[in-house]
Amino acid sequence: MRRIHLLFASLALTVLMSGVADAQGWGSIKGRFIYDGKPPAPQPIAVTKDQQFCGDKKLVDESLVVDAKGGLKNVIVYIYVGPGDTAPQVHPDLAKQAPVTFDNKNCRFDPRVATVQTGQTLILSNSDPIAHNTKVDAFNQPINPLLPPGAKLPQKFTAPERLPARASCSIHPWMTGWIVVKEHPYMAVTDENGEFEIKNIPEGNWTFQFWHEKAGYLDTVSMNGKSVEWKRGRVELNIKDKAALNLGEVKVPAAAF
Amino acid sequence: MDSRVVLFLLLSTGFFLSGCDSPEADFRLDRVYIQKTLGEPENGEEVQALTTQLQNLKDVMVGLFGTPDDPHVPQLADVEVGEVLDPQLIRMAAGPVGRHEDGTPRGLYREHCAHCHGVSGDGAGPTAAFLNPYPRDYRMAKFKFKSTPLGVKPTHDDLRRILIDGIPGTAMPSFRLLADDEIDALAHYVKYLAIRGEVERRLVNLLTELDEGEPVLDPLVRREAADVFQEQLGMVRETVGMVVGQWENASAQVTEVPTPPEDWMSEESIRHGRDLFFGTVANCVKCHGQLALGDGETGDYDDWTKEIDDKNPALQAKEYLALGVQEPRILNPRPIQPRNLRAGIYRGGRRPVDLFLRVKNGIEGTPMPAAPATGLTSEDIWSIIAYVRSLPHEPMSKPEGHGIEYGRERL
């Protein structure tokens, strides 16, 4: 019974949210993710292919990247749009999205995580003198083009992806990357310092979702010394006009990885 | 018990078999996908909520698609379902082996396919474990040998052709001797199982979008909250329509195969093809190997195996197998081998157009990539194919001057 009431509540919220989409106010959100514990030393990768070129690139496993101050890189943050919910209205500044490049460079993907909106161009490129293939295991639109040296292949995704889609290169099995596809531009990836910022979000209540490739959904974090549960990495937050919502430091326990 | 396996075990028992005493006459839920997507319930309350959701899922699936003995075709307002799934033909393929009252055959799928592909189309029939490659699990709705690009469903004719020719070099037999309408019936039934499987996966995804434990199209919801029920019904309908629509649109997306130039099999063309095969643009050598024996890159897995775990399927499978679950079986993960191109056996067909489609579009669900969109013309592809076709006759000496891993002069 309780669940059904919950359902009603979330429905009511949906209605509320779609109303907000017409609002004129815009705000932003930022924060910094911290690895709570002593991060393991980056493991060197065994280069089994193209030794001549890849061998001296000092490649390490980048599935967990933490800086000296604990900043956690590559946490993916986006506004979560549930089924039946309307996507957030797009700020005029974000209406035209420049192409995003997902490069094969020095035998790794650069960046490791790329975010694109449906319809936005993703350029799969190869800056190396050797060939790569980029296999993106998207649920709705899997692709696997071979990319010769110098290739620049424009690619568009038509449907949003629920989870970040894994990108790999079958020729160089150590290569891993992620493509995030959403129906709106409100996504970000934390940088070397663990920081992210998303600007120009319509004011109102939005559900944000947080994901990391090793931890999955970040469902247990701590803020201001208190442990917080984010079911499936989701939390509802209020964005106010002309204001920046600062989450401050969000600590992710080492046990989550 | 380790809480991480509660869900998996629940799904392994006959728990969700509603009202059928023979487990073989029931479609199994896709337990690996459910485990992977929904994760483990953390306490008793969550176990209970999840149990309700999964029972709901099972009921919804039966409502939409019926059972192996009594299949339905979902009714949709805005999609011509009958074009993709012909109910008459599906009834011919479904059910136990025998005849309908009017004398038409039935049970073709169980007679000819289920011992390999499984009643649910999970590729895990009783003989599956002994075969290499394993029989196809249709539920991901990915097919390898087709006339359409990666990510697009095969056409009805693609499936017919596979059934008529079989897949040489694998256990998949040719069904050339079956009557034409029986081939049609089986092709429709493969689509039925693939559509059913993909709808189930998408409904599992939908569960992650709902509040945890929220019932789905539950009779209780219908009574207590009719509008919520209607909303959920809308989502389910949309999902089914989307999946069926992909199959409906496949034939409009067939890759055009240009006619090969007249001299494509000439020695000069073969030499050109060989240069490309070893060059950095086409780069076939990286996977197929210096001698084209299929030993260039052998540590990768196909998508059906990565379903178990995309980083380390072998390890994850071991955990599942350690649970002692017998049915439905988890097949031991095996790395995928690039094809040995000296054997002269082509699984997707040996006609030049078959090879063109493989090289141009890649092979879905496997590491074999699509040819680069620029830098490789159709003529180039024909030359590569001419070279590939000449390989079984080429002496095995190491190809001179092609031993380099990449062109140093490019640096």
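Note on naming: letters A, B, ... go to the chains in the order of the sequence lines (proteins, then strands), and numbering restarts at 1 for each one. Just so it is clear, the model here is predicted, and its values are computed rather than measured.
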Can you tell which of [options] has the highest number of heavy-atom pairs within less than 4.5 Å of chain A?
{"options": "B/T366, B/D310, B/T374, B/L376", "answer": "B/D310"}
{"options": "B/K311, B/E198, B/M368, B/M235", "answer": "B/K311"}
{"options": "B/G234, B/G365, B/A282", "answer": "B/A282"}

Enter the distance from B/L38:CG to A/R232:CZ here, rounded to the nearest 0.5 Å.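 Output value for this atom pair is 6.0 Å.
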In Å, rounded to the nearest 0.5 Å, how long is the span from CG of B/N283 to CG of A/N133?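 Between B/N283 CG and A/N133 CG, I get 9.0 Å after rounding to 0.5 Å.
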Counting only heavy atoms closer than 4.5 Å, note whether A/T134 contacts chain B via side chain, backbone, both or neither.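 For A/T134, neither part sits under 4.5 Å from chain B.
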Would you please name every residue forming a salt bridge (Lys or Arg N to Asp or Glu O under 4.0 Å) with A/D128, sequence neighbours left out?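 None.
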Checking A/E161 now: which residues fulfil salt bridge (Lys or Arg N to Asp or Glu O under 4.0 Å) with it, not counting sequence neighbours?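 A/E161 satisfies salt bridge (Lys or Arg N to Asp or Glu O under 4.0 Å) with no residue once adjacent residues are dropped.
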Is B/E214 salt-bridged to A/K231, cutoff N-O under 4.0 Å?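 Salt bridge flag = no for A/K231 with B/E214.
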Taking NZ, NE, NH1 and NH2 as the nitrogens, is one of them in A/K135 or B/D303 under 4.0 Å from a carboxylate oxygen of the other?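 Looking at A/K135 and B/D303, the cut-off is met.
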Which pair of non-hydrogen atoms, one from [X] and one from [Y], has the smallest distance, and what is that distance?
{"X": "A/V81", "Y": "B/E209", "answer": "O-OE1, 4.1 Å"}
{"X": "A/P142", "Y": "B/E364", "answer": "CG-OE2, 4.0 Å"}
{"X": "A/A131", "Y": "B/T280", "answer": "CB-O, 3.2 Å"}

Pairs in or reaching into residues 138-151 of chain A: which pass salt bridge (Lys or Arg N to Asp or Glu O under 4.0 Å), with residues at least two apart or in two chains?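 For residues 138-151 of chain A, and leaving out neighbouring residues, there are no salt bridge (Lys or Arg N to Asp or Glu O under 4.0 Å) pairs at all.
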Report yes if some heavy atom in the side chain of [X] is under 4.5 Å from a heavy atom in the side chain of [Y]; otherwise report no.
{"X": "A/I171", "Y": "B/C287", "result": "yes"}
{"X": "B/M242", "Y": "A/N140", "result": "yes"}
{"X": "A/N144", "Y": "B/P369", "result": "yes"}

If I measure from the heavy atoms of chain A, does B/T239 come under 4.5 Å with its side chain, its backbone, both, or neither?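 For B/T239, there is no contact with chain A at all, as no heavy atom is under 4.5 Å.
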Might you confirm whether atom [atom1] of [X] has over 12 heavy atoms from other residues, nucleotides or ligands at distances under 6.0 Å?
{"X": "B/E238", "atom1": "CD", "answer": "no"}
{"X": "A/K57", "atom1": "NZ", "answer": "yes"}
{"X": "B/R237", "atom1": "CZ", "answer": "no"}
{"X": "B/R222", "atom1": "CZ", "answer": "no"}
{"X": "B/K142", "atom1": "NZ", "answer": "yes"}
{"X": "B/Q253", "atom1": "CD", "answer": "yes"}

Does any N or O in the side chain of B/K286 come within less than 3.5 Å of the main-chain N or O of A/S170, such that one atom is a donor and the other an acceptor?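 Absent.
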Could you please state which residues from residues 200-208 of chain B sit under 4.5 angstrom from chain A, measuring non-hydrogen atom to non-hydrogen atom, sorted by number, or 'none'?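 Listed by number, the contacting residues are B/R201, B/R202, B/N205, B/L206, B/L207, B/T208.
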